[in-house]
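What follows is a single structure, written as structure tokens, with notes after it.
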Amino acid sequence: MPFSDEKAFGNEDHLSDSDTSRLSESMACSSSDSESPRDSFTSDSSSKHASPVSSPPKTATLDEIMSTTRNLSNLILAHEIVANENFHMENTDPPKNSLERKVKEIVHKAFWDCLESELKEDPPQYEHAITLFDEIKEILLSFLSPGTNRLRTQICEVLDVDLIRQQAEHNAVDIPKLGSYIINIMGKLCAPVRDEDVKKLKPTGDIVQMLRDVFHVLDLMKMDMVNYTIQNVRPQLQRQLADYEREKFQEILEKSPDALSQTTKWIQQSLKYVAEAKSEENATSVNGVSVDNLSPTLVLNSGFAKLLDLDYDSAVPETLITDDLRILDLKYKLHQVKLVACVCLITQNVMGSSNTTAFIEQVKDISAVLLQGISSRNFNLKEALPALSTKICFEMNKSLTERDLPPLSSDVQSVLMGQICSLPEKAHPIYNLIDKRTQEYVTTFLCLPYPYKRVPIIPGGLTIVRKEMEFIGFHYANIVNFNKQVYGPFYAGIFRKLLFSEVEGGKAEAQA
């Protein structure tokens with residue numbers, strides 16, 4: 001499932017035909033192509049799955065827009081079923097006092113009041129009630145598996161609409177008997193979690209109330225069936241999801257040729273960032289590093305690592321829309337981990353030789369608790385940090401006193417609180433150091449071949465949050481590796497377009 005043919009982090013230096021071939025081959029994950037990996041990357045005939053279709057702009061029709069929307073919805077749903085083990089469907093009611101809820105209540109009340117008035121007529125009018133019995137029959141039949149022919153026949157015979165209508169015409173229909181039969185069948189077909197709900201159903205003479213209760217439980221049973229089906233289809237989806245997502249995205253791309261615009265910008269930004277980093281390493285100008293000497297895998301992994309940066313505020317690449325919320329969750333987790341690491345490092349520096357491992361663990365726990373909810377819109381980091389720094393000073397003095405050591409002076413406490421409270425500032429040296437090392441760690445993790453036989457060595461300053469960093473790295477690497485497997489051909493097409501155009505542009509400038 002994950003992308004398993006990546007090279008080691010330190011060995012990605014040059015972009016050659018073999019590099020791009022491996023990128024296209026390993027990302028495509030399609031053994032049915034008759035072309036070689038090199039041809040798949042360089043040949044225009046193989047660009048169907050690797051790059052956007054070059055065509056003049058045209059106005060999309062309503063049918064094309066609706067088709068694209070359906071494909072995207074199906075793609076997101078299938079991905080969510082596989083990626084989220086806890087994914088399930090549930091009935092949702094509109095919020096209280098909302099217009100939608102009021103309209104729903106008015107319409108439902110009008111329907112049941114109308115039915116009740118018809119049944120109270122002399123003679124009673126059973127037509128709407130018969131329609132409801134027919135709907136109940138169809139719902140019960142939908143719960144049956146293909147092999148239950150005997151029960152299917154029995155339900156059709158007992159809830160025969162034509163027979164019930166004839167009985168109603170002669171005022172001989174036995175509603176309580178029908179209700180009792182329906183409740184009995186529901187008890188046989190429902191999930192164990194619905195046993196109590198079915199037991200509460202009573203085939204009383206109040207037909208309207210009985211039908212309302214029956215439909216309420218049937219709605220719950222239908223949702224149980226949907227979730228049961230999701231559980232059964234998940235293993236099959238896992239085996240076919242990569243090909244399915246790639247096929248659906250290709251259909252979207254054919255109807256919307258600009259569907260990779262944000263992805264292209266994201267890769268361009270990563271190219272620029274990696275080129276600048278290489279230039280700094282070589283102590284040369286940015287122009288001293290040619291983009292054709294950059295490994296696509298390194299550039300792509302760097303781009304993925306940048307997505308976890310809290311300052312990254314560009315639109316999410318189209319190829320990652322299915323994992324947008326999961327990435328956002330990991331981004332805030334990583335931000336919290338970085339802050340905790342900074343607080344621990346500041347505390348260690350202030351305490352010096354008086355520092356103990358147990359106390360730093362205590363500082364870590366305190367910081368993690370007080371920084372919970374950092375992903376919430378209502379969370380105010382500038383208010384949380386002063387409270388955290390005050391708590392750290394209190395616990396530090398308490399620890400020193402218990403060991404018969406002098407407490408911190410007011411000046412030292414002021415320095416400690418000032419360093420912690422200023423963590424959100426962009427020029428904070430400790431936060432910038434931790435931020436750089438976490439990014440290097442994540443990038444290194446993304447370069448590990450799957451399955452992971454080892455994890456990267458934790459950089460200095462992050463030892464205290466080793467488990468949290470490994471958790472984030474493992475989960476993010478799974479997301480990234482599967483994303484490469486699905487969208488690798490599209491990334492390869494973008495790299496071919498960007499890198500080769502850069503090379504040609506550079507040659508033209510040199511000739512000029």
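For this chain, numbers begin at 1 and follow the sequence in order.
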Might you point out which heavy atoms bring [X] and [Y] nearest each other, and give the distance in Å?
X      : Y      : result
Leu308 : Ile327 : CD2-O, 3.9 Å
Leu448 : Pro456 : CD1-CD, 3.5 Å
Ile430 : Asn349 : CD1-ND2, 4.5 Å
Asn432 : Ala427 : ND2-C, 3.7 Å
Ala259 : Phe249 : O-CZ, 4.1 Å
Gly461 : Arg437 : N-NH1, 4.0 Å

Return yes if some donor-acceptor pair links the side-chain N/O of [X] with the main-chain N/O of [Y] below 3.5 Å, else return no.
X      : Y      : value
Ser98  : Arg101 : yes
Arg403 : Ser354 : yes
Ser376 : Asn378 : yes
Ser270 : Gly303 : yes
Asp309 : Ala305 : no
Thr356 : Phe359 : yes

Checking [X] now: which residues fulfil side chain to side chain contact (heavy atoms under 4.5 Å, CB included) with it, not counting sequence neighbours?
X      : answer
Lys102 : none
Gln348 : Leu345, Asn355, Ile360
Lys436 : Glu440
Gln262 : Lys265, Ala315, Glu318

Kindly state each residue pair satisfying salt bridge (Lys or Arg N to Asp or Glu O under 4.0 Å) with at least one member in residues 354-377, sequence neighbours excluded.
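Salt bridge (Lys or Arg N to Asp or Glu O under 4.0 Å) check on residues 354-377 returns Lys364-Glu468.
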Over 12 non-hydrogen atoms of neighbours within 6.0 angstrom of OH in Tyr312
yes
Surrounding CZ of Phe379 (heavy atoms of other residues, nucleotides or ligands, distance under 6.0 Å), is the total greater than 12?
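Yes, enclosed.
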Output the distance between atom [atom1] ([X]) and atom [atom2] ([Y]), rounded to the nearest 0.5 Å.
X      : Y      : atom1 : atom2 : result
Leu446 : Asn481 : CG    : CG    : 7.5 Å
Ile366 : Leu371 : CD1   : CG    : 11.5 Å
Leu328 : Leu307 : CG    : CG    : 11.0 Å
Ile464 : Ser367 : CD1   : OG    : 9.5 Å
Ile321 : Ile252 : CD1   : CD1   : 8.5 Å
Lys255 : Gln250 : NZ    : CD    : 10.5 Å

After noting the C-alpha distance and the side-chain angles of Leu330 and Ile479, does the key distance pass the side chain to side chain contact (heavy atoms under 4.5 Å, CB included) rule?
CA-CA 11 Å; Leu330 289 175; Ile479 292 174; 4.1 Å; yes
Does a side-chain heavy-atom distance below 4.5 Å link [X] with [Y]?
X      : Y      : result
Ile346 : Leu423 : yes
Met396 : Cys393 : no
Ile374 : Leu339 : yes
Tyr487 : Arg246 : no
Val455 : Phe474 : no
Val337 : Thr438 : no
Phe490 : Leu253 : yes
Phe495 : Leu300 : yes

Checking Leu241 against Phe482 for the side chain to side chain contact (heavy atoms under 4.5 Å, CB included) test, could you report, in this order, the C-alpha distance in whole Å, the side-chain angles of both residues, the deciding distance, and whether it holds?
CA-CA 10 Å; Leu241 184 61; Phe482 181 70; 3.6 Å; yes
Should the pair Lys484 and Tyr491 be classed as cation-pi, given the thresholds of under 6.0 Å to the six-membered ring centre and 45° from the axis?
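No - Lys484 does not lie over the ring of Tyr491 by the 6.0 Å and 45° rule.
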For Arg466, check salt bridge (Lys or Arg N to Asp or Glu O under 4.0 Å) against everything at least two apart and list the hits.
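Here no residue qualifies.
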In chain order, what residues pass the side chain to side chain donor-acceptor pair (under 3.5 Å) check against Asp323, with sequence neighbours excluded?
His79, Arg326
What side-chain donor-acceptor pairs closer than 3.5 Å can you find for residues 381-391, not counting sequence neighbours?
{"unit_1": "Glu383", "atom_1": "OE2", "unit_2": "Asn380", "atom_2": "ND2", "d": "3.4"}
{"unit_1": "Ser389", "atom_1": "OG", "unit_2": "Leu385", "atom_2": "O", "d": "3.2"}
{"unit_1": "Ser389", "atom_1": "OG", "unit_2": "Pro386", "atom_2": "O", "d": "2.8"}
{"unit_1": "Thr390", "atom_1": "OG1", "unit_2": "Pro386", "atom_2": "O", "d": "2.9"}
{"unit_1": "Lys391", "atom_1": "NZ", "unit_2": "Glu395", "atom_2": "OE2", "d": "2.9"}

For Tyr476, what residues pass the ring-ring contact (aromatic ring centres under 6.0 Å, His included) criterion, not counting sequence neighbours?
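Tyr476: no ring-ring contact (aromatic ring centres under 6.0 Å, His included) contacts found.
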ring-ring contact (aromatic ring centres under 6.0 Å, His included) partners of Phe471, counting only residues at least two apart:
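In terms of ring-ring contact (aromatic ring centres under 6.0 Å, His included), with neighbours along the sequence ignored, Phe471 is linked to His475.
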Aromatic ring pairing Phe445/Tyr441, orientation class (parallel under 30°, perpendicular over 60°, tilted between)
perpendicular
Can you pull out every side-chain hydrogen bond (donor to acceptor under 3.5 Å, both in side chains) where at least one residue sits in residues 328-344? Sequence neighbours excluded, please.
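Of all non-adjacent pairs touching residues 328-344, those that pass side-chain hydrogen bond (donor to acceptor under 3.5 Å, both in side chains) are Asp329-Lys333, His335-Tyr431, Lys338-Asp435.
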For a quick test of your reading: what N or O donor-acceptor pairs under 3.5 Å do the side chains of residues 411-419 make, sequence neighbours left out?
{"unit_1": "Gln413", "atom_1": "NE2", "unit_2": "Leu408", "atom_2": "O", "d": "3.1"}
{"unit_1": "Ser414", "atom_1": "OG", "unit_2": "Ser410", "atom_2": "O", "d": "2.9"}

